[in-house]
Amino acid sequence: MKFFIDTADVAEIRSLIDTGFVDGVTTNPTLIARSGRGMVETIAEICGLVEGPVSAEVTASDLEGMLAEGRFLAKIATNVTIKVPLTPDGLKACRVLTQEGHKVNVTLCFSPAQALLAAKAGATFISPFVGRLDDVGESGMTLIDEIIQIYDHYPHLNTEVLVASVRNPLHVVEAALAGADVVTLPPSVVRQLYNHPLTDKGIALFTADWAKTGQSIL
Ligand code: E4P
């Protein structure tokens, strides 16, 4: 399962690259706004740091606007993935941009029917939002299971399931158990993945016992 980082904060991305776990980046208008920087310069900088796909989201809501913005964003760097919303015009834009050879991430997916449409429109990635579904009392992970089950029936559909709106390590584990292709993680969740209280306790014990021996490996 690939790990994308869900942020437009370049300093955060830089600090996580050394982990070796960064396979790509996703951004959205909220994350760009939170960064306080210009979208184009930010996407360009991220694309220079990360070899994998970097999602940059269109903001137009009509087909022509999405196509114009998508083509513009794709010129920023070869690893830009154009992100479009799951609307009728968004899926038309997905089909056209895909046929032009661009990678497209269809975002704001909340149902298996929507995911099926995105795959039929040729999406490179479908982004189901698990956290936002959990927030309204539905099961985000049930949606992931259902999308994967549907896609598995139709091997000619090449759309990758990109689990988005991730809130905690359990979402990551459940996405992996379900067989998702990608999970996009806020930096805070990446850091949480390393943690277990028994690991800390074990290190403290080993360190104390080692000190008692008076030895040193080097
Ligand atoms: C990523 O592609 C999505 O835009 C993002 O994961 C949404 O996360 P949120 O629900 O925490 O805003």
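Numbering of residues begins at 1 and proceeds along the displayed sequence. Remember, it's 1-based here, ligands and their atoms both numbered in the order they're listed.
Checked by atom type, the side-chain pair Thr26/Thr184 shows a donor-acceptor distance below 3.5 Å. Looking at Glu69 and Thr59, their side chains do bring a donor and an acceptor atom within 3.5 Å of each other. Side-chain contact annotation: Ser35 with Asp9, donor-acceptor N/O pair under 3.5 Å absent.
Heavy-atom minimum distance, Ala77 versus Cys47: CB-CB, 3.5 Å.
By the 30° and 60° cut-offs, the orientation of the rings of Phe21 relative to Tyr194 is tilted.
Residues lining ligand 1 at a heavy-atom distance below 4.0 Å are given as Asp6, Thr26, Asn28, Lys83, Phe129, Arg132, Ala164, Ser165, Arg167, ordered by chain and residue number.
No more than 12 heavy atoms of other residues, nucleotides or ligands sit less than 6.0 Å from atom CZ of Phe206.
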